[in-house]
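Reading through the structure tokens given below for one structure.
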Amino acid sequence: MNIDILLGLQWGDEGKGKLVDALSPEYDVIARFQGGPNAGHSLEFNNIKHVLHLIPSGIFHPDKLNIIGNGVVIDPAVFKKEIDELKPYAADLTKRLVVSTRANLILPTHRILDAAYEQQKGNTKIGSTLKGIGPAYTDKTGRSGLRVGDILRSDFMDLYKASINRHLAILKNYNFSFDLTEFEKGWFEGINLLKEFRIINTEYLVNQLAASGKRILAEGAQGTMLDVDFGSYPFVTSSNTVSAGACTGLGISPKSIGEVYGIFKAYCTRVGSGPFPTELEDETGDELRNTGREFGATTGRPRRCGWLDLPALKYSIMLNGTTKLFMTKADVMSGFKSIKICTAYNINGKEINELPFGNESVIEPVYTELPGWQKEISAIRDYKNLPAELTRFIEFIENYCDVPVTLVSVGPDREETIFR
Ligand code: GDP
Ligand code: IMO
Ligand code: MG
């Protein structure tokens, strides 16, 4: 029972990077289990902000082992860029970062296909990060993917060329111009760099470490509402972002899971297309975006902002078996006179609190209004010093969701964290 999972309960960007980094001292190993460079996990300490895409957020702690699991899709070009940026801040990277043989590769043509598919979708586009995620996972489940272990094979170039030719044949059907050679240079530099790292069957390593009593934290990417099965399909990512994804993405049994930490913001954000019942397309939404600096860590796109959605949060909690809740960004709402929380949906005059199957329903959120906290909270480190309005807000969430909030994040810095 010594593998804990930390994952997002909303549409991503809940603050996973910050909290994995803040919790890392309690663990020996940090392991990413799904997603790829679509993720942008920010962490801050010593007044510097770092953004990680593929590399687990435990990397800044010199005594921790970091694992990129089989469930992750890796773009070698992004990997290289990230390693180059990390070098001044993190020593011994080739010793402390291990990559699964079974992690699938994002090829340069996956990125091109992602862009071509999105262009063809026009108004119905998903708003993908254009990192090649959908096409890479498509090849994985279509049993045509290339995996990190393949780069060590003597015939790797033949396999690579066969995949590229297959993709180029598909691209002929799209009116989409691109320059493959531009992508390939960085990609092959990344392949060479990957070979300097330990490429192993990490499922054995993770299980051996767990059996020997090492504490492991599995780091999720994206959020539950972007899960390929349970999110607002097709406006989702292409992996299972829920806790079950940690089992398939690392090769661990459900019996080995201890805590499931679910992170949520005190409000909601979403990047890309798709339903967002509590979205605020008004001044309050702008205020959340500006104060919360809600711009994508991977694409820089402005995030759509809205009130906290409890039916969606409770759904996520159920799907993940969440044992503890971590709340971030309450500091962003400091000064709000009153704060709304969605407790149910009104669909065709009927009040429900289940998420509907399709995306066609017009959902009217049913709100409860609570008084806001008229106080800056970022310097507070003790739960009992939080304003009464905020603890009341937290109790309201706990009562609705029936799971305790055991951590409150009050700013982006590692130190701006209250353990309850
Ligand atoms: P992730 O993808 O879940 O790791 O989240 P992102 O890094 O994409 O987005 C979260 C953003 O909020 C980052 O800019 C963080 O530095 C920042 N952040 C995290 N926790 C807090 C918090 O409690 N308060 C504030 N103001 N910012 C936070
Ligand atoms: P982190 O780990 C927020 C969104 C995209 C798009 C949809 C599909 O930082 O929380 P994809 O590129 O996966 O095909 O895009 O999913 N998306 C994210 N939104 N945070 C993320 O990751 C995301 N990764 C993908 O905006 O709507
Ligand atoms: Mg992010």
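Computed from a predicted structure; not experimentally measured. Start at 1 and go down the list; that is how both ligands and their atoms are numbered.
- Residue contact annotation: A297 has no non-hydrogen atom under 4.0 Å from ligand 2.
- Heavy atoms of F235 found under 4.0 angstrom from ligand 2: none, in either backbone or side chain.
- At the top of the distance list for atom 14 (O) of ligand 2, counting protein heavy atoms only, stands S128 CB, 3.7 Å.
- Between D21 and R414 there is a salt bridge, since at least one side-chain N of the basic residue sits less than 4.0 Å from a carboxylate O of the acidic one.
- A centroid separation of 6.0 Å or more is found between the aromatic rings of F357 and Y233.
- The aromatic rings of F230 and Y315 lie perpendicular to each other, with more than 60° between the two planes, well past the 30° mark.
- Within a radius of less than 2.8 Å around the Mg ion (ligand 3), the protein N, O or S atoms are D13 OD1, G40 O.
- Taking 4.5 Å as the limit, every side-chain heavy atom of P387 sits out of range of all side-chain heavy atoms of R392.
- Ion pairing between R303 and E294 holds under the 4.0 Å rule for side-chain N and carboxylate O.
- W307 has its ring centre no less than 6.0 Å from the ring centre of F276.
- G223 does not count as a contact of ligand 2, since none of its heavy atoms falls under 4.0 Å from the ligand.
- Checked for salt-bridge contact, E203 and R102 meet the test: a charged N lies under 4.0 Å from a carboxylate O.
- Residues Q34 and V73 fail the side-chain proximity criterion, which asks for heavy atoms closer than 4.5 Å.
- Looking from atom 23 (C) of ligand 2 to the surrounding protein, the closest heavy atom is Q222 CG, 3.6 Å.
- For the residues V73, L226, T237, N38, the heavy atom positioned nearest atom 17 (N) of ligand 2 is part of L226.
- A cation-pi geometry, defined here as NZ or CZ lying under 6.0 Å from the six-membered ring centre and within 45° of its normal, does not hold between K324 and Y261.
- Proximity of R301 to ligand 2, defined as any heavy-atom pair under 4.0 Å, is confined to the side chain (atoms from C-beta onward).
- Protein heavy atom closest to atom 27 (O) of ligand 2, with residue, atom name and distance, is V271 O, 3.0 Å.
- When hydrogens are left out, the protein atom nearest atom 12 (O) of ligand 2 is T129 OG1, 2.6 Å; that is the closest non-hydrogen contact.
- Here the heavy atom of the protein found nearest to atom 5 (C) of ligand 2 is G127 O, 3.5 Å.
- Inclusion of D13 in the set of residues having an N or O under 3.5 Å from an N or O of ligand 2 is warranted.
- Residue K16 places a heavy atom under 4.0 Å from ligand 2.
- Contact annotation: H41 has at least one heavy atom less than 4.0 Å from an atom of ligand 2.
- Within 6.0 Å of CZ in R420 there are more than 12 heavy atoms belonging to other residues, nucleotides or ligands.
- A donor atom on one side chain and an acceptor atom on the other are found under 3.5 Å apart for N240 and D229.
- Counting non-hydrogen atoms of neighbouring residues, nucleotides and ligands closer than 6.0 angstrom, the CD atom of E398 exceeds 12 such neighbours.
- Note that K64 lies outside the cation-pi zone of Y27, set by a 6.0 Å cut-off to the ring centre and a 45° limit from the axis.
- I257 has its side chain within reach of I252: a pair of non-hydrogen atoms, C-beta onward, lies under 4.5 Å apart.
- For V236, every heavy-atom contact with ligand 2 shorter than 4.0 Å involves the backbone, none the side chain.
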Nitrogen or oxygen contacts under 3.5 Å, ligand 1 side and protein side:
unit_1	atom_1	unit_2	atom_2	d
ligand 1	2 (O)	D13	OD1	3.4
ligand 1	2 (O)	G40	O	2.9
ligand 1	3 (O)	E14	N	3.1
ligand 1	3 (O)	G15	N	2.8
ligand 1	3 (O)	K16	N	2.7
ligand 1	3 (O)	K16	NZ	2.8
ligand 1	4 (O)	K16	N	3.3
ligand 1	4 (O)	G17	N	2.8
ligand 1	5 (O)	G15	N	3.4
ligand 1	7 (O)	S42	N	2.8
ligand 1	7 (O)	S42	OG	2.5
ligand 1	8 (O)	D13	OD1	2.9
ligand 1	8 (O)	G40	O	2.8
ligand 1	8 (O)	R303	NH2	3.1
ligand 1	12 (O)	K329	NZ	2.9
ligand 1	14 (O)	K49	NZ	3.1
ligand 1	23 (O)	K329	N	3.0
ligand 1	23 (O)	S409	O	3.1
ligand 1	23 (O)	S409	OG	2.5
ligand 1	23 (O)	G411	N	3.2
ligand 1	24 (N)	D331	OD1	2.8
ligand 1	24 (N)	D331	OD2	3.4
ligand 1	24 (N)	G411	N	3.4
ligand 1	26 (N)	D331	OD2	2.7

**Message:** For N320 and T224: C-alpha separation, side-chain torsions, deciding distance, then whether side chain to side chain donor-acceptor pair (under 3.5 Å) applies.
**Reply:** CA-CA 8 Å; N320 292 303; T224 302; 2.9 Å; yes

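- In summary, E279 and R304 engage in a salt bridge, as defined by a charged side-chain N under 4.0 Å from a carboxylate O.
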